[in-house]
Amino acid sequence: MATLLIFFVLMNLDLLLRTGHCTETRDQILSITPKTQEQVDILKNVSTQYETALWQPVSPHYIKEETQVHLFVPANSSETVKELLQRHAVAHEVLLANANELIEMQTRNDSTDPRSSATFYERYHSLEDIYYWINRTAHDNPSTVKVILVGSSYEKRPLYALKLSFNDRPNKKAMWTDCGIHAREWISPAFCLWFVHYSLSFYKQNQDITDILDNMDVYVLPVMNPDGYKYTWTSNRMWRKNRSISKTTSCIGADLNRNFDANWCTEGASHNPCTEIYCGAFPESEPESQAVADFLRRHKDTVQLYLSIHSYSQMLLFPYSCSLEEAENHSDLLEMAEEAAQKIRRYYRNIYRYGAGAKTIYLAPGGSDDWAYNLGIKYSFTFELQDRGRYGFLLPPSHISGACNEALIAVKTIALKVIEKTQVPTGPPPTV
């Protein structure tokens, strides 16, 4: 009888666990809008003193009244953080209750071979898969694709860029696109893969991409921060920085997008290696940013368009982010971003904000786009892809296609405008 009773209790316990009446705490994303300065201070404290990850804004420095904050709260901090918020009457809502499941779904992958599945470009891929894809793409397109070793990371991983070139026209100009400067922004490398695949598949099929590739060589760096990206797959999905070791503290990594020499480490960056916006020991102290800067310095006479792909928040930004000053060709940059945003809205019913970085979001010195602009690449943009916070950095694979199509139409719109403003397009000879 006792045995039967124990069996009955265990069966009911299993039922409770499976039906959710006895729930386990999971990693969650909270949305919080502080209403008073006291609540701002509480949120700053929560985001620095507890094991959490601030998604939006990127640093406690930017938290202010009536501005939405997105906070990743791991399961082991969940109860403490929520109790603290409730005790101080800080209203919050759970944006994502099952972050663990989303992370698991993102890393589930059936194949590394781009030719084996039509959905290859609608999944996220590990660093090893991306390296394999780079070599495979060059191998399969020997006349148009070349692999360039731009440099190596702090942990000595290669920084591979692809060069797409469809003709040998003299004095040909180029565009540069980098992805994955921030490790946790997985939709960014996914776009670089998508863009290369689209360019190779639709050259001579789609007029816009054909015109772009006839007039420009295209450089694409799929993962600018390979150490950080690898770390998000193996250890901490929320990691942002690279993985360099500081000489002064045990804190790891610098923000590569605060490490370029554009008003370096002024307001909007930090000298503290333990922050998410640590600017590094000096401009280009990090091998990844130095490698990209060296490459662009060598090619500054040919590269006319610079694009850096990020997430999330749906924005099309241009210089300056490091200063409230207007760029010399502000009206041109604004016109291009506005047209791109309008096309996204028309074709995909999605809204993107646009404008100069510092005035659209906040001061962010040391960024790659401002540095490229000051180098002489006068058409320089940062795209923030989907979404606006529903999933944030954990954008599900089912959203990759939509996010990439939106970014693609923006790239095509801006690249064609750059060609129109800077060079006479090539085309078929005029008929007589």
Side-chain angles (χ1 to χ4, degrees), residues 25-37 39-86 88-103 105-106 124 181-188 228 232 236-241 255 257-258 268 270 275-277 309-315 317 321 350-353 357 360-364 382-396 399 403:
T25 310
R26 294 175 170 274
D27 298 349
Q28 296 185 338
I29 316 302
L30 303 183
S31 176
I32 310 153
T33 304
K35 304 293 185 186
T36 64
Q37 186 56 46
Q39 292 186 349
V40 167
D41 294 339
I42 289 160
L43 265 185
K44 285 182 176 180
N45 178 52
V46 165
S47 64
T48 52
Q49 303 302 315
Y50 293 86
E51 192 187 334
T52 60
L54 198 53
W55 278 19
Q56 179 184 293
V58 67
S59 163
H61 172 77
Y62 300 119
I63 297 174
K64 54 189 181 184
E65 292 172 40
E66 300 297 341
T67 301
Q68 198 174 66
V69 172
H70 296 160
L71 187 69
F72 175 84
V73 183
N76 58 2
S77 300
S78 183
E79 280 185 35
T80 311
V81 167
K82 284 183 176 178
E83 280 172 14
L84 184 64
L85 294 176
Q86 283 162 2
H88 293 276
V90 181
H92 62 276
E93 65 169 313
V94 177
L95 278 182
L96 274 181
N98 60 339
N100 316 60
E101 287 171 28
L102 272 176
I103 293 169
M105 188 201 334
Q106 288 183 343
Y124 295 111
I181 194 169
H182 291 141
R184 63 192 178 187
E185 299 169 9
W186 283 13
I187 188 61
S188 173
T232 61
N236 179 358
R237 178 63 182 83
M238 296 306 130
W239 190 259
R240 168 183 165 92
K241 301 185 285 183
D255 181 348
N257 208 39
R258 298 291 190 282
S270 172
T275 64
E276 294 282 38
I277 52 172
I309 309 298
H310 295 244
S311 75
Y312 60 94
S313 65
Q314 295 178 195
M315 294 185 191
L317 305 172
S321 292
N350 218 347
I351 294 170
Y352 279 63
R353 290 170 64 197
T360 307
I361 38 175
Y362 42 62
L363 281 165
T382 290
F383 291 0
E384 296 279 358
L385 305 192
Q386 284 191 22
D387 55 10
R388 287 157 79 182
R390 173 72 183 86
Y391 296 104
F393 301 121
L394 299 179
L395 194 71
H399 291 238

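Numbering of residues begins at 1 and proceeds along the displayed sequence. Source: prediction; values computed, not measured.
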Next on the checklist: Just so I know, are the side chains of Leu363 and Ser321 near enough to count as touching, which here means a heavy-atom distance under 4.5 Å?
Outcome noted: no
Checklist entry - Out of curiosity, Lys241 NZ to Arg184 CZ, how far, rounded to the nearest 0.5 Å? => result 10.5 Å
Next on the checklist: If you compare all heavy atoms of Asp387 against all heavy atoms of Gln314, which two are closest, and at what distance to 0.1 Å?
Outcome noted: CA-OE1, 3.4 Å
Checklist entry - Hey, what do you get for CD (Gln68) to CG (Leu95), rounding to the nearest 0.5 Å? => result 6.5 Å
Checklist outcome for this item: Sorted by chain and number, sequence neighbours left out, side chain to side chain contact (heavy atoms under 4.5 Å, CB included) with Ser77 holds for Glu51, Val73, Pro74, Val81
Checklist entry - Has Glu65 got more than 12 heavy atoms of other residues, nucleotides or ligands less than 6.0 Å from its CD? => result yes
Checklist outcome for this item: Nearest heavy-atom contact between Ser311 and Gln386 is CB-O, 3.9 Å
Item to check | Side-chain donor/acceptor of Ser313 to backbone N/O of Met315, under 3.5 Å | outcome: no
Next on the checklist: Side chains of Val69 and His92, heavy atoms from C-beta outward: is any pair under 4.5 Å?
Outcome noted: no
Checklist entry - Would you say the side chain of Glu101 lies within less than 4.5 Å of the side chain of Leu96, judging by non-hydrogen atoms? => result no
Checklist outcome for this item: All heavy atoms of Leu394 vs all of Ala99, minimum pair found to be CD1-CB, 3.9 Å
Checklist entry - Quick one: side chain to side chain donor-acceptor pair (under 3.5 Å) partners of Gln37, sequence neighbours excluded? => result Asp41
Checklist entry - Residues two or more places apart in sequence or in another chain: which of them pass side chain to side chain donor-acceptor pair (under 3.5 Å) with His399? => result none
Next on the checklist: Between Gln28 and Ser78 (side chain of the first, backbone of the second, donor and acceptor by atom type, cut-off under 3.5 Å), is there such a pair?
Outcome noted: no
Next on the checklist: Could you tell me if the side chain of Leu54 sits less than 4.5 Å from the side chain of Ile63, heavy atoms only?
Outcome noted: yes
Item to check | Main-chain N/O of Glu276 paired with Arg258 side-chain donor or acceptor, under 3.5 Å | outcome: no
Next on the checklist: I need the Asp27 CG to Phe72 CZ distance, nearest 0.5 Å.
Outcome noted: 4.0 Å
Next on the checklist: So, taking the atom named NE2 in His70 and the one named CZ in Arg390, what distance separates them when rounded to the nearest 0.5 Å?
Outcome noted: 11.0 Å
Next on the checklist: If the threshold is 4.0 Å, N to carboxylate O, is there a salt bridge linking Arg353 and Glu384?
Outcome noted: no
Next on the checklist: For Phe393 and Tyr312, take the angle between the two ring planes, folded into 0 to 90°, and tell me which bin it lands in: parallel under 30, tilted 30 to 60, perpendicular over 60.
Outcome noted: perpendicular
Next on the checklist: I want to check something: taking the side chain as every heavy atom from C-beta on, are Thr67 and Gln56 in contact at a cut-off of under 4.5 Å?
Outcome noted: no
Checklist entry - What is the minimum heavy-atom distance between Pro57 and Tyr362, and which atoms define it? => result CB-CE2, 4.2 Å
Next on the checklist: Is there a side-chain contact between Gln39 and Leu43 in this structure, where contact means two heavy atoms from C-beta onward sitting under 4.5 Å apart?
Outcome noted: no
Checklist entry - Under the side chain to side chain contact (heavy atoms under 4.5 Å, CB included) criterion, do Leu30 and Leu85 qualify, and how do the steps go? => result CA-CA 11 Å; Leu30 303 183; Leu85 294 176; 4.0 Å; yes
Next on the checklist: Measuring only between side-chain heavy atoms, which start at C-beta, is His310 closer than 4.5 Å to Thr382?
Outcome noted: yes
Item to check | Test: Glu66 and Lys35 ion pair at under 4.0 Å | outcome: yes
Item to check | Flag, side chain of Ser188 to backbone of Ile309, donor-acceptor distance under 3.5 Å | outcome: yes
Item to check | Heavy-atom pair of closest approach, residues Arg26 and Asn98 | outcome: CD-CA, 4.4 Å
Checklist entry - Should Lys44 and His61 be marked as a side chain to side chain contact (heavy atoms under 4.5 Å, CB included) after you check the CA-CA gap, both sets of side-chain angles, and the distance that decides it? => result CA-CA 8 Å; Lys44 285 182 176 180; His61 172 77; over 6 Å; no
Next on the checklist: Could you walk me through whether Thr275 and Ser59 satisfy the side chain to side chain contact (heavy atoms under 4.5 Å, CB included) test, starting with their C-alpha distance in whole Å, then the side-chain angles of each, then the deciding distance to 0.1 Å, before giving a yes or no?
Outcome noted: CA-CA 8 Å; Thr275 64; Ser59 163; over 6 Å; no
Checklist outcome for this item: The reported gap from CG in Leu84 to CG in Asn45 (rounded to nearest 0.5 angstrom) is 7.0 Å
Item to check | Where Ala91 and Ile32 come nearest, the two heavy atoms and their spacing | outcome: O-CG2, 3.5 Å
Checklist outcome for this item: Distance col, row Leu385:CG vs Leu395:CG, nearest 0.5 angstrom, shows 9.0 Å
Item to check | Side chain to side chain, His182 and Asp255, heavy atoms closer than 4.5 Å | outcome: yes
